[in-house]
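Indexing begins at 1, ligand by ligand and atom by atom, following the structure's order.
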Amino acid sequence: MIIQENVSLKDLNTFGVMARARMFADIKSEEDLNALFSDEDIKQVPKLVLGGGSNMLFTKDYDGLVIHMNIQGISHRSEGNDVYLSAGGGEIWNNLVNFSVEHEFAGMENMSLIPGSVGASPVQNIGAYGVELMDVFHSCRAFEISSGLIRTFTRDECNFSYRDSIFKTTLKDLYIITKVTFKLSTVFSPKVTYGAIQEELDKRNKIKPTIKDISSVVSHIRVGKLPDPKTIGNAGSFFKNPIIPVGKFIQLQSNFPDIVHYPASQGFIKLAAGWLIEQCGWKGKILGQTGTWKNQALVIVNVGKASGNEIYNFSELIVASVQNRFDITLEREVNII
Ligand code: EPU
């Protein structure tokens with residue numbers, strides 16, 4: 001196991017901010033993890049697990065060991081109409097979605113083009129356009145840091161909810177996901193509840209859309225709305241959509257009749273953070289090297305050579321505005337280091 005020193009993380013975070021890791025290990029197998037954690041010298045060193053770096057903001061250099069998860073490999077097996085698709089944690093999420101679309105395995109197509117790695121996908125239960133990871137998740141393998149043992153987690157054991165799982169809560173920092181298995185199907189029923197999908201299908205005259213059509217439509221909508229991290233640094237939605245009690249919502253709605261909202265679990269309402277931020281005048285606003293995206297105020301962008309701190313401070317201004325105007329505290333979706 002080779003441990004590199006003083007490694008730049010600039011190309012390993014989609015914000016494209018400059019930060020360095022004091023130590024860095026590229027992990028290609030579960031055995032690599034075992035070797036790494038058996039090493040007495042690194043036991044006391046602080047560690048950070050990095051997947052695709054698409055949900056992380058580095059505000060400083062990392063004074064410890066960055067563990068870059070790079071386990072590759074895709075395989076699948078069928079049982080009747082069910083398909084179990086497995087991928088190493090280091091596979092790029094969208095490559096796996098493309099694989100499923102090409103093989104006509106249904107279930108992941110609405111999550112086309114989400115940045116990030118497969119191993120990170122269960123941690124925050126990624127989702128888009130009416131589908132969440134938990135809808136297709138079957139199980140995952142994870143390395144227990146304290147014991148070096150591999151444990152399999154079933155869907156129920158992961159405690160998934162909106163942008164959340166057991167890996168972000170009770171078991172935070174205790175396990176490293178090495179492989180994920182998804183349960184897909186050869187029987188396809190398109191999910192078009194998200195309005196813009198049906199609209200775009202109609203435009204394309206697709207009466208009986210295929211898996212490929214849905215993937216193509218979702219990719220089209222995303223490209224129109226969200227900046228490509230390859231050209232403009234960003235980490236997708238910077239904040240979560242707030243979930244508030246119905247009582248508070250009714251109060252808010254009387255002051256702001258147009259407030260965008262969605263049903264949530266019993267007694268709660270989900271608000272569109274992008275709407276709240278836009279109402280505070282932040283949409284498309286640039287301050288120095290950072291700002292919000294012109295087509296989606298929930299996305300903070302690095303328009304030049306912003307530092308992580310600059311981006312963080314900008315996000316603080318947004319939090320303060322939304323707090324002030326709506327009495328709602330926005331929570332960051334992005335991890336701050
Ligand atoms: N809106 C505005 N102004 C904005 C942005 C949004 O008014 O600047 C309002 C609009 O009314 C819009 C509504 O908010 O209809 C919802 O916006 P959008 O459809 O863009 O979705 P979102 O709730 O802002 C969520 C996810 C995205 C995902 C989209 C589509 C979160 C935090 N974000 O965004 O995920 O792509 O839905 O399903 O849940 C990500 O997590 O990085 C991400 C991009």
Side-chain angles (χ1 to χ4, degrees), residues 13-15 51-57 93-94 97 108-117 120-135 160-165 168 191-200 214-215 217-229 232-244 253 256-264 268-286 291-301 311 315 318-319 321-322 325-326 328-335:
N13 74 95
T14 58
F15 262 121
S54 58
N55 209 36
M56 222 162 242
L57 178 63
W93 171 263
N94 195 48
V97 175
M108 291 177 143
E109 56 285 348
N110 289 50
M111 294 186 279
S112 296
L113 273 195
I114 295 183
S117 67
S121 66
V123 178
Q124 64 148 343
N125 182 25
I126 62 169
Y129 302 102
V131 177
E132 286 179 296
L133 174 113
M134 61 185 279
D135 301 329
F160 289 123
S161 62
Y162 170 64
R163 291 297 195 272
D164 205 15
S165 77
K168 262 179 100 170
K191 295 188 189 60
V192 295
T193 48
Y194 195 91
I197 297 183
Q198 190 58 57
E199 236 171 75
E200 184 61 29
I214 297 289
S215 172
V217 160
V218 166
S219 301
H220 174 83
I221 298 169
R222 280 191 82 96
V223 168
K225 247 189 182 176
L226 300 167
D228 179 357
I232 296 170
N234 76 90
S237 302
F238 196 89
F239 302 101
K240 290 197 227 177
N241 284 330
I243 296 174
I244 60 168
Q253 201 183 27
F256 305 97
D258 301 336
I259 191 162
V260 178
H261 61 283
Y262 311 95
F268 290 89
I269 298 282
K270 194 199 267 187
L271 303 179
W275 185 87
L276 300 171
I277 297 167
E278 180 173 349
Q279 296 303 304
C280 294
W282 287 107
K283 189 170 183 172
K285 200 162 182 170
I286 307 287
T292 66
W293 184 235
K294 58 183 191 308
N295 300 334
Q296 171 46 293
L298 190 49
V299 178
I300 296 186
V301 289
I311 293 169
S315 77
I318 292 179
V319 173
S321 295
V322 170
R325 177 132 195 217
F326 297 103
I328 286 179
T329 311
L330 288 182
E331 260 182 61
R332 290 174 180 83
E333 191 199 84
V334 167
N335 298 303

closest protein heavy atom to atom 44 (C) of ligand 1 is S237 OG, 3.4 Å
Would you mind listing which atoms of ligand 1 come within a distance below 4.0 Å of any non-hydrogen atom of G274?
-> 1 (N), 2 (C), 3 (N), 4 (C), 5 (C), 6 (C), 8 (O)
Test side-chain contact (heavy atoms from CB on, under 4.5 Å) applied to N295 - qualifying residues, sequence neighbours left out | W293
Below 4.0 angstrom from a heavy atom of V260, which ligand 1 atoms are there? Numbered from 1 as shown, please.
-> 11 (O)
Quick one: does F326's side chain get under 4.5 Å of Q279's, heavy atoms only?
-> yes
Check whether any side-chain N or O of N110 sits under 3.5 Å from a backbone N or O of Y129 as a donor-acceptor pair, and report yes or no.
-> yes
Within-cutoff protein neighbour (heavy atom, under 4.0 Å) for atom 10 (C) of ligand 1 = no
Where ligand 1 meets F239 - atom numbers and elements under 4.0 angstrom, heavy-atom basis = 32 (C)
Does K283 approach ligand 1 within less than 4.0 angstrom via side chain, backbone, both or neither, non-hydrogen atoms only?
-> side chain
The protein heavy atom nearest to atom 20 (O) of ligand 1 is Q296 NE2, 2.7 Å
Are any of the N or O atoms of L298 closer than 3.5 Å to those of ligand 1?
-> no
Any heavy atom of Q124 sitting closer than 4.0 Å to ligand 1?
-> no
Tell me, do N241 and L298 make a side-chain contact under 4.5 Å, heavy atoms counted?
-> yes
For atom 1 (N) of ligand 1, find the nearest protein heavy atom and state the residue, atom name and distance (0.1 Å precision).
-> W275 N, 3.6 Å
Please confirm whether the backbone N or O of A235 pairs with a side-chain atom of S54, one donor and one acceptor, at under 3.5 Å?
-> no
For the pair K168 (side chain) and R163 (backbone), establish whether a donor and an acceptor sit closer than 3.5 Å, ignoring hydrogens and angles.
-> yes
What do we get for F238 next to ligand 1 when only non-hydrogen atoms under 4.0 Å count, side chain, backbone, both or neither?
-> neither
Ignoring hydrogens and angles, tell me if any N or O in the side chain of N335 forms a donor-acceptor pair with the backbone of M56 under 3.5 Å.
-> no
Which of the ligand 1 atoms, numbered from 1, are nearer than 4.0 Å to a heavy atom of K225 = 18 (P), 19 (O), 20 (O)
Taking only non-hydrogen atoms of E278 and a 4.0 Å limit, the atoms of ligand 1 in range are 2 (C), 3 (N), 4 (C), 7 (O), 8 (O)
Those residues that, when tested against N94, pass side-chain hydrogen bond (donor to acceptor under 3.5 Å, both in side chains) (two or more places apart) = none
Just let me know how Y162 lines up against ligand 1, side chain, backbone, both or neither, with a heavy-atom cut-off below 4.0 Å.
-> side chain
For ligand 1, find out whether one of its N or O atoms is nearer than 3.5 Å to an N or O atom of K240.
-> no
Side chain T14, main chain N234, donor-acceptor under 3.5 Å = yes
Numbering the atoms of ligand 1 from 1, which are under 4.0 Å from a heavy atom of G236?
-> 42 (O)
Tell me, do V260 and L276 make a side-chain contact under 4.5 Å, heavy atoms counted?
-> no
Atom 38 (O) of ligand 1 has as its nearest protein heavy atom Y129 N, 2.6 Å
State whether the side chain of N125 and the backbone N or O of M134 hold a donor-acceptor pair below 3.5 Å, judged by distance alone.
-> yes
Which ligand 1 atoms are under 4.0 Å away from a heavy-atom of Y262?
-> 13 (C), 16 (C)
With no hydrogens and no angle check, is any side-chain donor or acceptor of R222 less than 3.5 Å from a backbone partner on M111?
-> no
Any heavy atom of R163 sitting closer than 4.0 Å to ligand 1?
-> yes
Going by heavy atoms, is W293 under 4.0 Å from ligand 1?
-> no
closest protein heavy atom to atom 36 (O) of ligand 1 is R222 NH1, 3.5 Å
So the atoms of ligand 1 within less than 4.0 Å of a heavy atom of A272 turn out to be 13 (C), 14 (O)
Using a distance threshold of 4.0 Å (strictly less than), state whether atom 26 (C) of ligand 1 has a protein heavy-atom neighbour.
-> yes
Does the side chain of E278 reach to within under 4.5 Å of the side chain of T292, using non-hydrogen atoms?
-> no
